[in-house]
Amino acid sequence: MSYSIVYSSRTGNTALLAQTIRDTLPASDCVYFGAPDAKALAADTIYAGFWTDKGTCDEQVAQFLQSLNGQKVFLFGTAGFGGAPAYFEQILNRVRENLPETTELIGSYMCQGKMPAAVRARYEAMEDNPRRAAMIENFDRALSHPDAQDLDALANAVRR
């Protein structure tokens, strides 16, 4: 079974997930590894990774997903906010809307990812209130992600 790993990564978080998938699967079956590209379409299975942009995948991945036809698809991604499975499922549901009916979703995985320091600075500049405090707390909690536990969980999800 041939596969391609296609991903978009703004901060390196999704790239780390993509590399974990690459390390988990047989190298001899890999057709393509990298940014969305038509070369990846030659594979039977597509592992498609994204960073979360306004509650869904980034535009580059959305366009790539819409170009699929007949492949099995495994979605993976990172989000700066979250940690809650229900929040990740909402994002994955929006991303799935980009998949043509001819594809078969075989799995998905999401985890929290660290955000750039500029995001924390923006939060610190906000008016002091409970929402601001929660945003800063989430930012700090995200700094260690994706961590070893996240990567192990992804590898296990890919093996299933």
Side-chain angles (χ1 to χ4, degrees), residues 3-25 33-37 40 45-68 72-100 103-160:
Y3 70 88
S4 291
I5 302 170
V6 176
Y7 66 95
S8 176
S9 187
R10 190 175 219 178
T11 59
N13 296 325
T14 307
L16 185 56
L17 297 184
Q19 186 60 51
T20 297
I21 294 172
R22 188 178 202 179
D23 294 343
T24 300
L25 297 172
F33 179 86
D37 190 290
T45 302
I46 306 290
Y47 292 86
F50 59 91
W51 56 277
T52 301
D53 184 22
K54 299 176 193 83
T56 190
C57 62
D58 58 280
E59 187 60 32
Q60 186 180 22
V61 170
Q63 289 177 1
F64 177 78
L65 292 175
Q66 293 164 17
S67 76
L68 298 178
K72 294 179 179 178
V73 181
F74 183 101
L75 298 173
F76 64 98
T78 58
F81 281 93
Y87 175 67
F88 291 152
E89 196 57 39
Q90 288 174 354
I91 295 168
L92 287 165
N93 285 338
R94 288 194 234 15
V95 174
R96 285 182 194 112
E97 293 173 2
N98 293 292
L99 293 173
T103 62
E104 177 188 350
L105 185 66
I106 60 168
S108 59
Y109 178 81
M110 279 200 72
C111 68
Q112 193 168 27
K114 61 188 156 295
M115 296 172 274
V119 172
R120 191 178 206 286
R122 192 172 67 233
Y123 295 163
E124 289 171 342
M126 295 169 65
E127 182 181 332
D128 191 12
N129 60 42
R131 182 173 179 265
R132 172 188 177 257
M135 292 169 80
I136 291 172
E137 181 181 322
N138 177 76
F139 178 93
D140 292 343
R141 190 173 44 251
L143 286 174
S144 64
H145 293 275
D147 61 18
Q149 187 175 8
D150 297 326
L151 301 179
D152 287 345
L154 171 61
N156 289 332
V158 166
R159 286 187 200 107
R160 281 188 224 122

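In this text, all values refer to a predicted model and were calculated from it rather than measured experimentally. What's counted below: heavy atoms across the whole structure, side chains too, no hydrogens, waters or symmetry copies. The first residue of the sequence shown is numbered 1, and numbering continues consecutively from there.
The two residues Thr52 and Ala79 come nearest to each other via the heavy atoms OG1-CB, 3.5 Å. Counting all heavy atoms, side chain and backbone alike, Arg94 lies closest to Gly55 at NE-O, 3.2 Å. Across every non-hydrogen atom of Arg131 and Met126, the tightest pair is NH1-CE, 3.5 Å.
For Arg132, the salt bridge (Lys or Arg N to Asp or Glu O under 4.0 Å) partners are Asp128, not counting sequence neighbours. Under the ring-ring contact (aromatic ring centres under 6.0 Å, His included) criterion, Phe33 pairs with Tyr7, sequence neighbours left out. Scored by the side-chain contact (heavy atoms from CB on, under 4.5 Å) test, Asp152 finds no partners at all (sequence neighbours excluded). Under the ring-ring contact (aromatic ring centres under 6.0 Å, His included) criterion, Phe139 pairs with no residue, sequence neighbours left out. The side-chain contact (heavy atoms from CB on, under 4.5 Å) test applied to Ser108 returns Leu75, Leu92, Arg96, not counting sequence neighbours. Residues satisfying the salt bridge (Lys or Arg N to Asp or Glu O under 4.0 Å) criterion with Glu124, sequence neighbours excluded, are Arg120.
Judged purely by distance below 3.5 Å, without hydrogens or angles, the side chains of Asn93 and Glu97 never pair a donor atom with an acceptor atom.
A heavy-atom distance below 4.5 Å is not found between the side chains of Val158 and Phe76.
Classification of the Phe74-Tyr47 ring pair by plane angle, with boundaries at 30° and 60°, yields tilted.
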